[in-house]
**Q** 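Before I ask anything, here is the structure I am working with.
Labels below follow one simple rule: chain letters A, B, ... track the order of the sequence lines, proteins then strands, and each chain is numbered from 1.
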There are 2 protein chains.
Amino acid sequence: MKNRHLLQHYKLKATPQRIAIIKLMEYSGHISIDDLFKEIREKFTSISLATLYKNIHTMISVSLIREVKIPGQKAKYEIEKVPHAHILCKTCGELKDISFDPITLVEDTVKSSDYRVDEVSIMISGICPNCK
Amino acid sequence: MKNRHLLQHYKLKATPQRIAIIKLMEYSGHISIDDLFKEIREKFTSISLATLYKNIHTMISVSLIREVKIPGQKAKYEIEKVPHAHILCKTCGELKDISFDPITLVEDTVKSSDYRVDEVSIMISGICPNCK
DNA sequence: GTATTTGCAAATGATTTGCAGTGCT
DNA sequence: AGCACTGCAAATCATTTGCAAATAC
């Protein structure tokens with residue numbers, strides 16, 4: 001119900017496929033195209049990869065979702081929410097959010113550069129407590 | 001001369017193709033596969049993309065170079081050097097280094113997470129002074 | 001009713017692989 | 001000499017496109 005309105009807010013039609021995509025992103029936090037495809041097929045046996053790609057692109061273009069590029073693996077996608085950083089376990093591959101605002105973190109350092117800073121993305125890699 | 005030893009230090013054979021790859025990375029700072037291919041063809045007219053891909057991978061695997069994933073464009077490659085952050089102009093596409101150590105920056109925040117942090121990569125996007 | 005979206009199949013683009021020949025040490 | 005590397009062609013994998021039918025609003 002909420003997701004239907006989220007889509008409408010961005011002037012996108014609330015198709016069941018799109019609602020399912022958003023639901024899966026909410027549920028998983030971050031999801032790759034391939035996993036999205038596998039999962040979503042359970043409900044929509046006939047959905048096509050082309051539809052996923054098209055929807056991912058339109059949702060990115062309105063900033064409803066965001067692409068997270070990950071060292072050594074394919075990108076994942078997440079719903080846009082409050083700014084945060086990512087931490088990746090190089091052993092198990094799990095990607096998690098870390099809550100702090102990347103922009104304020106680099107603010108001072110970048111101030112002198114004379115750039116207009118719009119976005120700061122931070123990817124931390126290491127080994128998670130479980131894999132240590 | 002220096003690059004030949006750099007390769008040998010990582011137990012890789014110092015082929016002219018590899019030396020040229022390193023030279024171009026040093027010269028450009030960050031370079032994409034396609035630009036690398038275009039540039040390197042001027043000297044090695046018969047070099048193949050496959051060779052570039054293979055070499056990029058072997059050099060990454062020994063940490064001689066590093067892949068920089070960039071929002072909205074194909075990855076670029078750079079020689080491993082002192083830790084630094086990247087700043088990207090979304091208008092002209094130029095990618096530059098910013099010199100500060102990302103690890104110390106997030107150190108405090110991550111301390112409580114119980115991860116072993118190996119690497120922190122920071123990508124800042126915005127508009128550069130020229131494009132403003 | 002109209003414009004958008006879907007799903008298919010085909011086209012394109014990017015990367016990887018196998019292998020015979022070559023070159024580094 | 002021996003093993004690693006190169007370059008080619010083919011194979012694989014990822015993403016995009018065109019289009020007719022279906023669907024949201």
**Q** What's the shortest heavy-atom distance between B:Ile127 and B:Cys89, and which atoms?
**A**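 In terms of heavy atoms, the two residues are closest at CA-SG, 4.0 Å.
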**Q** Might you point out which heavy atoms bring B:Cys92 and B:Cys128 nearest each other, and give the distance in Å?
**A**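 Heavy atoms of B:Cys92 and B:Cys128 come nearest at SG-SG, 3.9 Å.
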**Q** What's touching nucleotides 10-13 of chain C from the protein side, N or O pairs under 3.5 Å?
**A**
none

**Q** How would you summarise protein contacts on nucleotides 18-25 of chain C per nucleotide, using B for base, S for sugar-phosphate only and - for none, with heavy-atom distances below 4.0 Å?
**A** BB---BBS
**Q** Who passes salt bridge (Lys or Arg N to Asp or Glu O under 4.0 Å) against B:Lys23, sequence neighbours left out?
**A**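 Not a single residue meets the salt bridge (Lys or Arg N to Asp or Glu O under 4.0 Å) criterion with B:Lys23.
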**Q** Residues in side chain to side chain donor-acceptor pair (under 3.5 Å) with A:Ser48, at least two apart?
**A**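 Partners of A:Ser48 by the side chain to side chain donor-acceptor pair (under 3.5 Å) criterion, ordered by chain and then number, come out as A:Thr51.
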**Q** Mind checking side-chain contact (heavy atoms from CB on, under 4.5 Å) for A:Asp97 and listing every partner two or more places apart, or none if nothing turns up?
**A**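 Scan of A:Asp97 (side-chain contact (heavy atoms from CB on, under 4.5 Å), adjacent residues dropped) gives A:His30, A:Glu78, A:Lys81, A:His84, A:His86.
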**Q** For residues 39-49 of chain A, which residue pairs qualify under salt bridge (charged side-chain N to carboxylate O under 4.0 Å, His left out), counting only residues two or more places apart or in two chains?
**A**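 Matches after skipping sequence neighbours: none remain.
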**Q** Under the rule for side-chain contact (heavy atoms from CB on, under 4.5 Å), what residues qualify as partners of B:Thr109, not counting sequence neighbours?
**A**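 Counting only residues at least two positions away or on another chain, B:Thr109 forms a side-chain contact (heavy atoms from CB on, under 4.5 Å) with A:Phe100.
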**Q** Can you name the side-chain contact (heavy atoms from CB on, under 4.5 Å) partners of B:Thr104, sequence neighbours left out?
**A**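 side-chain contact (heavy atoms from CB on, under 4.5 Å) list for B:Thr104, sorted by chain: B:Asp101, B:Glu107.
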**Q** Grab the CG-P distance between A:Asn55 and C:dT5 for me, whole Å please.
**A**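 Distance, rounded to whole Å: 8 Å.
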**Q** With heavy atoms under 4.0 Å as the rule, sort B:Thr51 into base, sugar-phosphate or nothing.
**A**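 Here B:Thr51 touches the bases of the nucleic acid.
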**Q** Enumerate the residue pairs fulfilling side chain to side chain donor-acceptor pair (under 3.5 Å) with a member in residues 114-125 of chain B, sequence neighbours excluded, ordered by first and then second residue.
**A**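 Listed by first then second residue: A:Lys90-B:Asp118, B:Arg66-B:Glu119, B:Arg116-B:Asp118.
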**Q** Specify the separation, in whole Å, of atom CZ of A:Arg18 and atom P of C:dT4.
**A**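 For the pair A:Arg18 CZ and C:dT4 P, the rounded distance is 11 Å.
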**Q** For residues B:Met123 and B:Pro71, report the shortest heavy-atom separation together with the two atoms involved.
**A**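 Minimum heavy-atom contact is CG-CD, 4.0 Å.
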**Q** Applying salt bridge (Lys or Arg N to Asp or Glu O under 4.0 Å), can you list everything that pairs with A:Lys74, at least two apart in sequence or on another chain?
**A**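 Result, salt bridge (Lys or Arg N to Asp or Glu O under 4.0 Å) vs A:Lys74: A:Asp34.
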**Q** For the residue pair B:Ala75 and B:Glu67, what are the closest heavy atoms and their distance?
**A**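 Taking every non-hydrogen atom into account, CB-OE2, 3.6 Å.
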**Q** In this structure, how many angstroms lie between the P atom of C:dT5 and the CD1 atom of A:Ile56, rounded?
**A**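 Result: 15 Å.
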**Q** Which residues, if any, of residues 23-36 of chain A bring a heavy atom under 4.0 Å of DNA chain D?
**A**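 By residue number: none to list.
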**Q** Just the endpoints, please: which first and last nucleotides of DNA chain D, 5' to 3', lie under 4.0 Å from a heavy atom of chain B?
**A**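 Answer, 5' to 3': D:dG2 to D:dC8.
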**Q** Output the rounded distance in Å from CZ (A:Phe44) to P (C:dT5).
**A**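 So the CZ-P distance, A:Phe44 to C:dT5, works out to 16 Å.
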**Q** State, yes or no, whether a side-chain contact exists between B:Met25 and B:Ile56 at a heavy-atom distance under 4.5 Å.
**A**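 When only atoms from C-beta onward are counted, B:Ile56 and B:Met25 do touch, with a gap below 4.5 Å.
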